[in-house]
Amino acid sequence: MEERGWDSILLYGHAWRKECFRCLVNLNFTGPYAAACLTRSGDLTIAVSHPWDDEALSGIDATVTLEPDFAAAFARANPSAIAGMEFAEQHFVDACPRHPASATDHVEELRRVKTAEEIAILRRATALADRGYRHFAEVIEPGMREFELVAEVEAFLKENGAEHNFMLIASGGTEVVGMKPPTERVLQLGDAVTTELTPQVDGYYAQICRTLILGEPSAKQREAFAIFQEAQQAALAMLRPGVTAADAARAQNDVFRKYGYGEYTGSKYTRVRGHCLGLFPDETPHILEDVDYVFKKDMVIVAHPNTYLPLAGYMVYGDSLLITDTGVEVLNSTAKELFVKL
Amino acid sequence: MKRGLITWDRAELPRSVFDTRLANARAAMAAAGVPALLVYTDIWRANQGRFLTNFMPYWNRSLAVIPSEGAPVLLCGLSPRVYPWIESVTLFEEIRPASKLVPTLLKLCEERGWQALGVLDLARVPHEVHAPLAAAGLALKDVRLTTIDEAALAMHRRAAELARNILGDVLPAGVGITGHQFAGRLERLFRREGAEDLVILLSAGATAPLPATAAELPVAYSVSIAVEYRAHWARVTRAHAAPPALEAAFAAGGGVIENLSGPYPYELGSGPLTARHVEITHAGARLFHGDTCWQGVPL
């Protein structure tokens, strides 16, 4: 704040994007909105939009108010800057007596390098992702519907303490070009079943991506998966502080190019080669060849060369990684292989 | 994100229901003198877009554009690789990729020669969409539409019945297990019945209902469920080992009222569709009871 001449920052969250608020007040709020206003002198005021959130914060060393009309919270705070301003409803921003600056990028950069406490939480989240995937692989069977499989995994994660989960799924063969929410499709022998599993523990998301074949994998499914393994290994081998997101994307994409599948590294067939993890499951920077962000020690990211290949359809493969002094530590302990359910 | 079943069952919501809703939207556009209506939609603020088109951007955001003439257009933040799925569960036949929403919208306006736009609940559009749109020189007009009709009410009723039935069966099983274990059990039951989303809050008697913890649930505990069934939320709160006085307190009226016809299931406010709950203290435990109500009466 001092560097930018701000006297206060309001950290805003709503039901979808809680990360700016939760980086200062780690409350998984129930109402639609919450905001914390921190002054340069260290005073903290918190506004919530539901009485049960108000009660949950009783005893905290801050002034807490319940604001049924949440624009009033913005008006009262009158902040110099807002983190999460982009997501805020326009009438909230308009309620500020002075025109606030956006602090979203600045706060996001502060959030990228994790503290020891945050890393410990992310290790627990990763361990739950591993256990969740083991459960996924145990319960899956031909004849299940995709949404029934997701129900089983969701139940397992919640039973074991997950607050929330980001999960995409797909099943089938070469016709599958990407993942989406679960459908009523019935799983069949021969299917490649992909999932991106991302449980949230104490606010923080960790991810695992794996591909499972129902029945004996075909030669093409094995050939395709070997390319994904090699691509992710290429990223693991070069990631360290000082490497850019572009470098990490290029290392993965070059493996696909080597095998003649370069066209499948573009946006027509894939999204990103990984991203940062934290209080939002899809934090920036995204790992793409045009992103020059330089990775730092103690960032936690996922590297996943997920894409469509004509060999066997869409496949996924990814692990959560902690950037260390000299390289990366793979946080996931799940076997780094093509899973098979016979 | 939404991890439940997002689908369009044409027997539940026939195409004719959406045709009527679009006709009403076009009447509102005509009254406002605008050639098209913009509907912002994200994972939570999806109710209006869903009401008109059945579209849900399960972890992202999009803009639905309803022209006064011609088919709706979706400006989509999701990958074109999921367009076939979107087309299978929505009205949309034209979907345009829009990683940058407003520039894509402005291009559409230019193509169609639109100088003005109606925007559903203009003041509630997020700043990052509102600010560049307001700066683009288009005349923006706030448009309001009701998102409740008989078909929607039937879906809310179905969601409420689902919650009442499951909670009626499962409440005894919560005693003596942890909040996390009980939440997991509820997730399995609701999602296997096709729930699209679920918010579970538990009270062990000492607090208001809050997200589940590893603490064991005692004999007297309460659970508050918000369940979304095919875009329609219902709220049901029940207590185990509740004395008759709890239901009597609810029947007497009053309590906390929340608006269920907006985007958020726990938003204070009133309206014809609400969630209402009451609280009593019995044998030292706080107990909660609530339900989804239409014009004040449980749906």
Side-chain angles (χ1 to χ4, degrees), chain A residues 14-16 28 30-33 49-53 55-56 66 68 82 85-94 102 145-148 150-169 177-184 267-271 281-282 308 314, chain B residues 1-7 42-45 56 58-59 61 78-82 84-85 99 122-131 134 178 180-181 183-192 194-196 199-201 207-212 214 224 256 258 262-264 266-269:
Chain A
H14 61 42
W16 178 32
N28 183 19
T30 297
Y33 319 108
S49 57
H50 195 277
W52 293 346
D53 295 327
E55 185 177 328
L66 172 64
I82 301 174
M85 185 161 88
E86 292 75 7
F87 324 129
E89 295 176 11
Q90 183 61 38
H91 67 117
F92 294 170
V93 178
D94 289 342
S102 172
R145 295 178 186 277
E146 285 181 352
F147 78 91
E148 292 169 339
V150 170
E152 290 301 317
V153 174
E154 195 68 25
F156 178 87
L157 293 174
K158 292 288 171 61
E159 280 164 7
N160 288 281
E163 283 178 18
H164 192 66
N165 176 35
F166 178 97
M167 183 175 182
L168 297 167
I169 191 169
V177 295
M179 295 189 293
K180 55 192 181 304
T183 69
E184 292 167 284
S267 61
K268 184 174 175 188
Y269 296 103
T270 183
R271 193 176 73 92
D282 185 40
Y308 170 85
Y314 194 82
Chain B
M1 71 165 291
K2 305 293 180 184
R3 302 165 312 282
L5 179 63
I6 300 172
T7 190
D42 67 32
I43 173 171
W44 282 94
R45 294 190 55 75
M56 152 58 69
Y58 48 91
W59 75 277
R61 62 207 181 117
L78 295 163
S79 165
R81 291 175 288 120
V82 299
W85 172 77
S99 57
L122 178 60
R124 294 192 77 174
V125 170
H127 175 72
E128 69 178 332
V129 172
H130 190 285
T178 69
H180 286 151
Q181 288 169 329
R185 197 169 290 199
L186 292 171
E187 289 280 354
R188 180 178 290 109
L189 292 168
F190 276 93
R191 290 184 188 275
R192 286 186 69 91
E196 201 169 276
V199 180
I200 301 166
L201 302 174
T207 68
L210 298 171
S224 169
V256 176
E258 290 151 277
Y264 301 108
Y266 287 88
E267 184 168 20
L268 295 175

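Hydrogens, waters and symmetry mates are skipped; everything else that's a heavy atom, side chains included, is used. Keep in mind the model is a prediction, meaning the values are calculated, not measured.
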| Looking at R191(B), Q181(B), R124(B), R192(B), which has the largest count of heavy-atom pairs under 4.5 Å with chain A? | R124(B)
| said: Only pairs of heavy atoms separated by less than 4.5 Å count here; which of G178(A), A88(A), P51(A) has the most with chain B? | reply: A88(A)
| When only pairs under 4.5 Å are counted, which of E148(A), E152(A), E163(A) shares the most heavy-atom pairs with chain B? | E152(A)
| request: Tell me, for F92(A) versus chain B, whether the close heavy atoms (under 4.5 Å) come from the side chain, the backbone, both or neither. | output: neither
| Closest non-hydrogen atom pair between Y33(A) and E267(B), with its separation | OH-OE2, 3.8 Å
| remark: P126(B) and E86(A) have their tightest heavy-atom pair at CB-O, 3.6 Å
| For N165(A), does its backbone N or O pair with a side-chain atom of R3(B) as donor and acceptor, under 3.5 Å? | yes
| query | Taking atom CG of L210(B) and atom OG1 of T30(A), what is their separation to the nearest 0.5 Å? | reply | 6.5 Å
| query | So what's closer than 4.5 Å to chain A heavy atoms on I6(B): side chain, backbone, both or neither? | reply | both
| remark: Applying a strict 4.5 Å limit to non-hydrogen atoms, the region of R185(B) in contact with chain A is backbone
| query | Under a 4.5 Å heavy-atom cut-off, does chain A meet the side chain of T7(B), its backbone, both or neither? | reply | side chain
| What do the steps show when you test F156(A) against E187(B) for side chain to side chain contact (heavy atoms under 4.5 Å, CB included), and what is the final call? | CA-CA 9 Å; F156(A) 178 87; E187(B) 289 280 354; over 6 Å; no
| Got a second to check how far E128(B)'s CD is from F87(A)'s CZ, nearest 0.5 Å? | 6.5 Å
| Any donor and acceptor pair, going by atom type alone, linking the side chain of Q90(A) with main-chain N or O of H130(B) inside 3.5 Å? | no
| said: Can you give me the closest heavy-atom contact between E55(A) and A208(B), atom names plus distance? | reply: OE2-N, 2.9 Å
| field | Segment of A15(A) engaging chain B (4.5 angstrom heavy-atom cut-off) | value | both
| message | Once rounded to the nearest 0.5 Å, what's the spacing between atom CZ of R45(B) and atom NE2 of H14(A)? | response | 8.5 Å
| said: At a 4.5 Å cut-off on heavy atoms, which part of V199(B) comes close to chain A: side chain, backbone, both, or neither? | reply: neither
| message | Let's test your reading of the structure: which of S79(B), G4(B), P209(B) forms the most heavy-atom pairs below 4.5 Å with chain A? | response | P209(B)
| request: Starting at CZ of R81(B), measure out to OH of Y314(A) and round the result to the nearest 0.5 Å. | output: 4.5 Å
| note | L168(A) and M1(B) have their tightest heavy-atom pair at CD2-CE, 3.6 Å
| said: Is E196(B) close to chain A through its backbone or its side chain, or both, or neither, when contacts mean heavy atoms under 4.5 Å? | reply: neither
| note | Taken to the nearest 0.5 Å, the spacing of H50(A) NE2 from Y266(B) OH works out to 7.0 Å
| request: Count the heavy-atom pairs under 4.5 Å between each of I43(B), L5(B), L268(B), L201(B) and chain A, then report the option with the highest count. | output: L5(B)
| field | Close side-chain approach of P181(A) and K2(B), heavy atoms under 4.5 Å | value | no
| chain B heavy atoms under 4.5 Å from E184(A): which part of the residue, side chain, backbone, both or neither? | both
| note | Counting heavy-atom pairs under 4.5 angstrom with chain B, the leader among P68(A), G161(A), G31(A) is G161(A)
| remark: If one checks every heavy atom of P84(B) against chain A at 4.5 Å, the contacting part turns out to be neither
| Engaged part of V177(A) at the chain B interface, taking heavy atoms whose separation is under 4.5 Å | both
| Looking at K268(A), H164(A), E159(A), which makes the most heavy-atom pairs under 4.5 Å with chain B? | E159(A)
| query | Considering only heavy atoms, which portion of Y308(A) lies under 4.5 Å from any heavy atom of chain B: side chain, backbone, both, or neither? | reply | neither
| said: Is Y264(B) close to chain A through its backbone or its side chain, or both, or neither, when contacts mean heavy atoms under 4.5 Å? | reply: side chain
| Derivation and outcome, salt bridge (charged side-chain N to carboxylate O under 4.0 Å, His left out), residues E154(A) and R188(B) | CA-CA 7 Å; E154(A) 195 68 25; R188(B) 180 178 290 109; over 6 Å; no
| At a heavy-atom separation under 4.5 Å, does L189(B) approach chain A through its side chain, its backbone, both, or neither? | neither
